[in-house]
Engineer: 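To start, I am sharing the structure in question, which I have written as structure tokens.
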Amino acid sequence: MWKKIILEGSEARDKFLKGVEVVDRVIGNTLGPWGRNRILQTKYKAPFIINDGANIARRIVLDDPLEDLAAQTIIEVSLRTAEQAGDGTTASVVIASEIVRHCMKILKEGDKSFLEGGNQSNPMQMWRDILSERDKAVAILKSKSKELKDKDLDNIISTSLENLEYSKTLGELLRTIGTDGYISVEDNWATKYGITTEITTGMRFLGTYASPYLATSSNQKEAVWEDTHVIITNHKLETINVFKEMIEKEILPRGIRKLVIIGGYSEGAVGFSNNFVETIAKAMFNSAKGGDAMQILAIKAPSLTSTELEDVATFCGATFIDKNLGVELPVVKLQHLGLAKKISVTDSEVNIIGGKGKTEERIKVLKEQVELEKDQMFAEKLKRRIASLSSGVGIIRVGAQTESERSYLKYKLEDAVSAAKVAREEGYVKGGGLALKEVAEELGKDSILYSALMAPYERIKQNAGGNIVISKEVIDPTKVVRLSLENACSGSILITADCGIAEEKLSYQDYLEKALQKAWPRDNNDWRDDSNQDIGAGRLI
């Protein structure tokens, strides 16, 4: 059973401030290279040891419901920054907390002044001032931004990753796959320590040949075809006769002897019948014996949706034969086929290298979809599709002695990848809180955001245990710093609330007392009344 809690005025603001202070301590003390880590419980796995602000924030729930209301408001700031930039989550919490702390202090002094006959501070006007100063701060920050060059990439990564050796490895990988490249950070269970990298050029997706008899290398169980034509369809293929006219009239006369057919799901099953597979397997066998038969490789790709199959078609320069659009197989002509320099197929994955299609327009469409996509999982999937169509996918495999250390390194690498990518968008500024410190000095001490803009630099110093000298090589992506500031100012709308309404779960004792009161209401002579001394055996009966 739950009960309502309503608290107003300075008492409510005190509760809000306590909630903000908890989030600020738990997350803010992880800021910078000297920040402390946090250990997080996970079910059925080793604990996470981490200093990523967003992942810590997701696990914070306070016992006091009113304190938790304020805490969740600040936590949203961190999660929003993670969603937009992938980094800067801790800085956004530090800035937001300092804004709330500073404004709450002014409001408290205003309340006291009002009781003594002075003027009470207006939180709504304060909020408008914050938004106004935010716009000025962002404009100054953008004016200090510099364009990212290849030589600066390692510095951006090392600021986030805090490991020079790994920074160089990651920097080389990012330079190789380019701006649109996608990087996947994975576990490496075979290596006890360190990171390894791999680059996949072209397209890679889950799939396999329709029959083991189609493999060209029995030892490796792999089919490798070079300079081949490609058909991509989601039709169910019952017989090779649907392509008979095209093969006889358009393909064979041109001396073409290789054709790859990539089929996706069709009515809940991969669209190759047993008869179809047997026919092409026999043709492969005859060709291997020296015959002049057409060689056809059928690839099952059940994991690909229709839109992903269309990506493959675009990459190869083919027309996607989509049954959902009413496109029938008999109409397929030579101009509907794509070309690929090399296609390799194993019993688990397909690689297509050197597709002859033009992908620029489709990449542009997918990028627009990423901007509109609110679900992080689907956005990452779109980014991977973009990378497959453009410059490939980079894979980083992380090894460590324990699972806790491995998870820590994975989160650091993911943050560094995000920082490097957003730095290409808006450039970079001085790191370690120095950029915001300079903005604060330009705005002046009279600015309502002065202490908040100074807060990241001061917290890094505090976490380091005193005075520090931040190297000029420490740089941060402008977009990360900007979003940290903007989201923090947005979350500081908390200062405009002076009343909290929440629900609190009753304790067992409170619940029992409430049940007794409802079942057996008290009266003036109730024996349960402590003031009533006239309790005899008759009354108890």
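Excluded from the calculations below are hydrogen atoms, water molecules and symmetry mates; all remaining heavy atoms, backbone and side chain alike, are included.
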Engineer: Hey, are Asp476 and Lys430 close enough for a salt bridge, meaning a charged N less than 4.0 Å from a carboxylate O?
Structural biologist: no
Engineer: Taking atom types as modelled, is there a side-chain donor on Thr305 or Thr307 under 3.5 Å from an acceptor on the other?
Structural biologist: yes
Engineer: Counting only heavy atoms not in Lys258 (residues, nucleotides, ligands), do more than 12 fall under 6.0 Å from its NZ?
Structural biologist: yes
Engineer: Going by salt bridge (Lys or Arg N to Asp or Glu O under 4.0 Å), name the residues that satisfy it together with Glu380, two or more places apart in sequence or in a different chain.
Structural biologist: Lys383
Engineer: With Thr233 as reference, evaluate Asp322, Leu309, Ile321, Val332 under the side-chain contact (heavy atoms from CB on, under 4.5 Å) test and give the passing residue.
Structural biologist: Ile321
Engineer: From Lys236 NZ over to Phe276 CZ, what is the distance, rounded to the nearest 0.5 angstrom?
Structural biologist: 11.5 Å
Engineer: Within this structure, what is the OG-CD1 distance for the pair Ser344 and Ile353, rounded to the nearest 0.5 Å?
Structural biologist: 6.0 Å
Engineer: Are a donor atom and an acceptor atom from the side chains of Thr478 and Ser145 found within less than 3.5 Å of each other?
Structural biologist: yes
Engineer: Is there a donor-acceptor pair closer than 3.5 Å between any side-chain N or O of Ser78 and the backbone N or O of Val93?
Structural biologist: no
Engineer: Should Arg482 and Glu486 count as an ion pair when the cut-off is N to O under 4.0 Å?
Structural biologist: yes
Engineer: Does atom CD (Gln335) have a neighbourhood of more than 12 heavy atoms from anything else shown, all under 6.0 Å?
Structural biologist: yes
Engineer: CD/Glu373 to CD/Glu368 distance, rounded to the nearest 0.5 angstrom?
Structural biologist: 14.0 Å
Engineer: If you define the side chain from C-beta out and look only at heavy atoms, does anything of Leu173 sit under 4.5 Å from Ile396?
Structural biologist: yes
Engineer: I'd like to check the salt bridge (Lys or Arg N to Asp or Glu O under 4.0 Å) partners of Asp154; sequence neighbours left out, ordered by chain and number.
Structural biologist: Arg175
Engineer: How long is the span from the CD atom in Glu403 to the NZ atom in Lys45, to the nearest 0.5 Å?
Structural biologist: 5.0 Å
Engineer: Quick check for you: to the nearest 0.5 Å, what is the distance between Ile232 atom CD1 and Ile262 atom CD1?
Structural biologist: 5.0 Å
Engineer: Tell me yes or no: between the side chains of Glu76 and Asn487, is some donor less than 3.5 Å from an acceptor?
Structural biologist: no
Engineer: Can you list everything that forms a side chain to side chain donor-acceptor pair (under 3.5 Å) with Glu198? Sequence neighbours excluded, please.
Structural biologist: Arg204, Arg397
Engineer: Applying ring-ring contact (aromatic ring centres under 6.0 Å, His included), name anything that partners Phe48, two or more places apart in sequence or on another chain.
Structural biologist: Tyr411
Engineer: Please identify each residue that fulfils salt bridge (Lys or Arg N to Asp or Glu O under 4.0 Å) with Glu147, with sequence neighbours left out.
Structural biologist: none
Engineer: Side-chain donor-acceptor pairs under 3.5 Å in residues 137-144, sequence neighbours left out?
Structural biologist:
unit_1	atom_1	unit_2	atom_2	d
Ser143	OG	Ile140	O	2.5
Lys144	NZ	Glu442	OE2	2.9

Engineer: Do Thr30 and Asn37 have side chains that approach each other closer than 4.5 Å (heavy atoms only, starting at C-beta)?
Structural biologist: no
Engineer: Answer yes when Glu425 and Lys479 have at least one side-chain N-carboxylate O distance shorter than 4.0 Å, and no when they do not.
Structural biologist: yes
